[in-house]
Amino acid sequence: MNFLEFEKVAETIISSVEEECKWMYATKHSNGKEGLINYVVWSDVFICPNCSSEIVFWDEAVDKDRGKVLDEFFCPSCKRLSTKKLIEKAYVTYFDKSLKTTIRQPKSKPVLINYTFSGKRFEKKPDKSDFELIEKIENYDIQEWYPNNKIPDGDKTIEAIWVGITNVHHFYTRRNLISLSKIKAKCINPLFNILITKVAFQTTKLYRLTYQNGVWGAGGGPLSGTLYIPSLIKELNILKQFKEALKGRSKITPASKEDDIIISLSSASSIINMKSNSIDYIFTDPPFGSNLMYSELNFLSESWLKVHTNNYNEAIENKTQNKTLLSYQDIITDCFSQYYRVLKPEKWMTVEFSNTSAAVWNSIKTALQRAGFVIANIAGLDKQKGSYNAVNSPTAVKQDLIISCYKPSAEFIMQLNTQSAEVFVWDFVKEHLSHLPIHIKIESKTTSVIERSPKILFDRLITYYLMKGFPVPIDAKDFQEGLLQKFIERDGMYFTSEQAAEYDEKKAKAPQFLQLSLIVTNESDAIEWLKDRLRKNSEKYNEIMPEFRIATQSLRKGDTLPELQDILNESFIQEADDKWRTPNPNEAKDREALRTKVLLKEFGTYVTAINQPKAKKLKEVRVEALRAGFKNCWEQKDFKMIVTLGDMIPQNILLEDEQLLMYYDIAKDRI
């Protein structure tokens with residue numbers, strides 16, 4: 001069926017249902033003639049705790065002129081001042097013919113009708129004829145099928161269940177339930193389900209009445225990500241909504257050929273119908289932790305289709321489904337592994353990320369890297385401007401993030417399996433640099449490519465080795481020395497000789513360099529902050545301290561930061577004039593050895609603490625000590641200690657730190 005045929009049949013269905021149901025959407029104009037209802041406002045009814053009289057929320061708690069819901073309002077009977085928190089909903093009990101049982105639900109009352117008469121819009125309070133019509137509709141016996149499924153328990157469905165909305169049909173006014181059931185009965189061809197699902201969610205009691213641009217009823221809609229029943233419901237004319245849905249579909253340009261588009265319905269963790277190494281590019285916008293409870297929110301629409309999502313492998317955090325962040329990460333890893341399998345070598349995947357939780361962010365990165373992808377760039381997507389900006393922390397931006405990652409070449413993977421680990425280090429760096437952006441310009445200024453910094457390059461190297469199960473053959477200081485010897489440094493970033501030439505050429509056209517600010521959230525960041533500061537000029541303790549205190553105000557809960565004096569002693573060099581500077585390469589090795597010794601000693605205290613009888617979880621830890629200890633345990637193949645201690649530290653520390661989560665995640669699979 002082409003679109004013209006689809007549109008013709010849909011219009012026939014709409015006309016037929018409209019002829020049967022238009023009487024339910026009629027209201028009398030001031031001259032006694034009938035107008036067409038656009039929407040009806042329904043208001044919750046509450047009980048005054050003082051005199052037990054009914055309080056109609058719209059009448060007493062809404063300032064119609066200013067478009068505000070009042071924090072405090074009076075009972076119309078006893079004049080007692082009250083708030084919404086101090087009063088309780090009024091309830092009605094009635095016999096549900098569909099369920100063949102008596103049910104109890106919140107009482108609501110129609111308070112405003114917006115309608116069209118002679119091409120103009122009007123508003124009125126419901127009159128006697130309107131209430132008689134509602135009573136007639138309530139007594140109407142529905143002959144057509146409609147879903148009356150029980151709403152399943154869930155993290156979001158409980159919002160409706162608490163107030164007595166226990167089954168699918170309870171989400172609809174009787175008027176809209178009748179109309180939608182008749183529309184469904186006439187949509188014999190499954191193609192028309194696309195229109196059913198469009199209106200089935202939009203025309204529920206979830207639709208809120210809102211005040212926008214000086215007008216009540218402008219805008220509105222269900223509260224995103226919830227099944228929240230508002231106190232002021234906007235009951236839409238479902239016949240008009242069905243027409244709008246069809247009009248929206250007419251704007252879609254059909255494919256020129258049937259084979260231009262392939263649509264497949266399956267779990268992303270099991271795309272067995274796709275061949276390995278067959279896809280050129282993947283764009284994915286996966287679920288992100290507990291952002292949205294998809295299967296729960298889709299239950300209403302899916303009930304009209306008589307098909308429900310199997311949420312066993314649904315990639316979400318959900319208490320009702322007993323899915324933790326680690327469960328979510330495992331499922332996402334399975335999905336990314338399938339993406340990795342079907343993607344061609346040296347091709348790219350883009351992941352849109354829209355959750356500012358550091359824990360979820362780390363889960364996504366860990367899942368990508370466990371699947372085999374190498375992250376090449378992370379950028380913020382400003383949806384208003386449509387531009388990409390480099391970022392160094394997902395918690396630093398409010399816009400969505402775009403993660404660009406690639407599948408290494410077949411030759412690269414073969415080298416990993418045949419060359420010595422130490423030789424492969426520089427092959428990895430060269431391969432990785434070839435996938436990174438060379439020059440980024442923001443508002444005519446050259447800006448840092450964070451992925452080209454020595455710290456991030458070393459992090460990517462460590463991650464790749466550990467994910468492949470290989471020991472890391474080089475430490476951070478030797479790695480930085482190697483970078484200086486084998487590659488070219490520009491503005492704190494590293495390039496191949498060809499890339500450096502291109503960078504120089506492009507920077508000459510945008511000579512002002514924009515150094516992205518470092519957000520200090522942990523000890524490692526604090527050390528980088530100090531290095532950047534002392535690399536420019538050596539300074540005394542009292543010169544550093546004021547700004548250091550300001551810079552370290554965003555530390556994670558549960559992560560202890562050593563005193564500035566201790567950090568300086570462990571990682572920097574003090575001159576005779578009491579000024580501190582960054583160490584040279586030889587001094588840096590000594591400093592690193594000293595610091596590692598201190599960190600492992602502190603790690604030992606954690607091990608001792610959790611091995612005590614009736615040991616309790618550790619409330620505060622030094623993350624750098626955990627990193628050093630986990631690394632040491634990894635080298636000793638003591639995977640059990642990593643997991644045991646990981647379970648005894650604050651969960652946010654484990655989940656929000658990329659290195660700790662990586663060690664823990666892999667160690668889990670080794671024991």
Side-chain angles (χ1 to χ4, degrees), residues 348 350-351 353 356 358 361 365 374-382 385 387-406 428-463 476 479-484 486-522 524-537 547 550-552 554 582 658-659:
W348 291 81
T350 299
V351 182
F353 176 85
T356 56
W361 167 245
K365 287 200 293 185
V374 181
I375 296 173
N377 191 45
I378 302 165
L381 172 62
D382 185 338
K385 296 181 180 179
S387 61
Y388 294 86
N389 299 313
V391 296
N392 60 351
S393 169
T395 57
V397 292
K398 293 183 180 179
Q399 69 263 37
D400 288 4
L401 295 181
I402 298 297
I403 308 168
S404 299
C405 53
Y406 62 90
F428 173 88
V429 174
K430 186 176 181 180
E431 170 86 3
H432 188 52
L433 289 177
S434 70
H435 287 85
L436 302 181
I438 294 174
H439 183 268
I440 296 178
K441 186 172 69 172
I442 298 178
E443 297 178 352
S444 74
K445 298 177 183 178
T446 295
T447 188
S448 291
V449 180
I450 297 171
E451 287 286 333
R452 290 185 175 273
S453 68
K455 181 179 183 299
I456 300 299
L457 287 172
F458 189 59
D459 285 347
R460 295 285 175 258
L461 175 75
I462 291 175
T463 299
F479 180 77
Q480 292 196 25
E481 287 181 20
L483 283 177
L484 286 169
K486 299 177 183 296
F487 299 94
I488 298 174
E489 187 268 340
R490 293 285 190 273
D491 298 320
M493 302 174 288
Y494 285 88
F495 303 85
T496 63
S497 56
E498 295 83 1
Q499 292 170 348
E502 181 179 340
Y503 177 81
D504 291 341
E505 181 182 348
K506 291 182 176 179
K507 187 185 176 183
K509 299 176 182 178
Q512 190 172 350
F513 184 73
L514 179 63
Q515 180 68 54
L516 297 177
S517 59
L518 175 66
I519 297 175
V520 179
T521 60
N522 53 47
S524 178
D525 292 341
I527 293 173
E528 290 299 317
W529 183 90
L530 287 167
K531 283 181 179 178
D532 183 63
R533 184 184 180 96
L534 298 178
R535 192 178 290 118
K536 300 169 185 173
N537 295 296
E547 291 188 38
I550 295 172
T552 55
S554 302
T582 55
E658 183 178 357
Q659 288 190 30

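Side chains included, hydrogens not; waters and symmetry mates left out as well; all remaining heavy atoms used.
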Of the non-hydrogen atoms in [X] and [Y], which two are nearest, and what is the gap between them?
X      : Y      : result
Ala510 : Lys441 : CB-CD, 3.8 Å
Phe487 : Phe495 : CB-O, 3.4 Å
Leu483 : Pro454 : CD1-CB, 3.7 Å
Phe513 : Met493 : CE1-CE, 4.1 Å
Thr552 : Ala526 : CG2-CB, 4.5 Å
Ala508 : Pro511 : O-CD, 3.7 Å

Going from [atom1] on [X] to [atom2] on [Y], what distance comes out if it is rounded to the nearest 0.5 angstrom?
X      : Y      : atom1 : atom2 : result
Thr463 : Ile375 : OG1   : CD1   : 8.0 Å
Gln512 : Ile442 : CD    : CD1   : 12.0 Å
Thr496 : Ile488 : OG1   : CD1   : 7.5 Å
Lys445 : Ile440 : NZ    : CD1   : 15.5 Å

Taking the side chain as every heavy atom from C-beta outward, state whether [X] and [Y] have any atom pair closer than 4.5 Å.
X      : Y      : answer
Phe353 : Lys365 : no
Arg452 : Ile438 : yes
Asp504 : Arg490 : yes
Asp491 : Lys507 : yes
His432 : Leu457 : yes

| said: Against Glu451, only a single residue in Asp459, Leu433, Ile456 fulfils side-chain contact (heavy atoms from CB on, under 4.5 Å); can you say which? | reply: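 The side-chain contact (heavy atoms from CB on, under 4.5 Å) with Glu451 is passed solely by Ile456 among Asp459, Leu433, Ile456.
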
Residues two or more places apart in sequence or in another chain: which of them pass ring pair (Phe, Tyr, Trp, His ring centres under 6.0 Å) with [X]?
X      : answer
His435 : Trp348, Tyr406
Phe458 : Phe479
Tyr494 : none

| query | Any salt bridge between Lys455 and Glu528, counting N to O under 4.0 Å? | reply | no

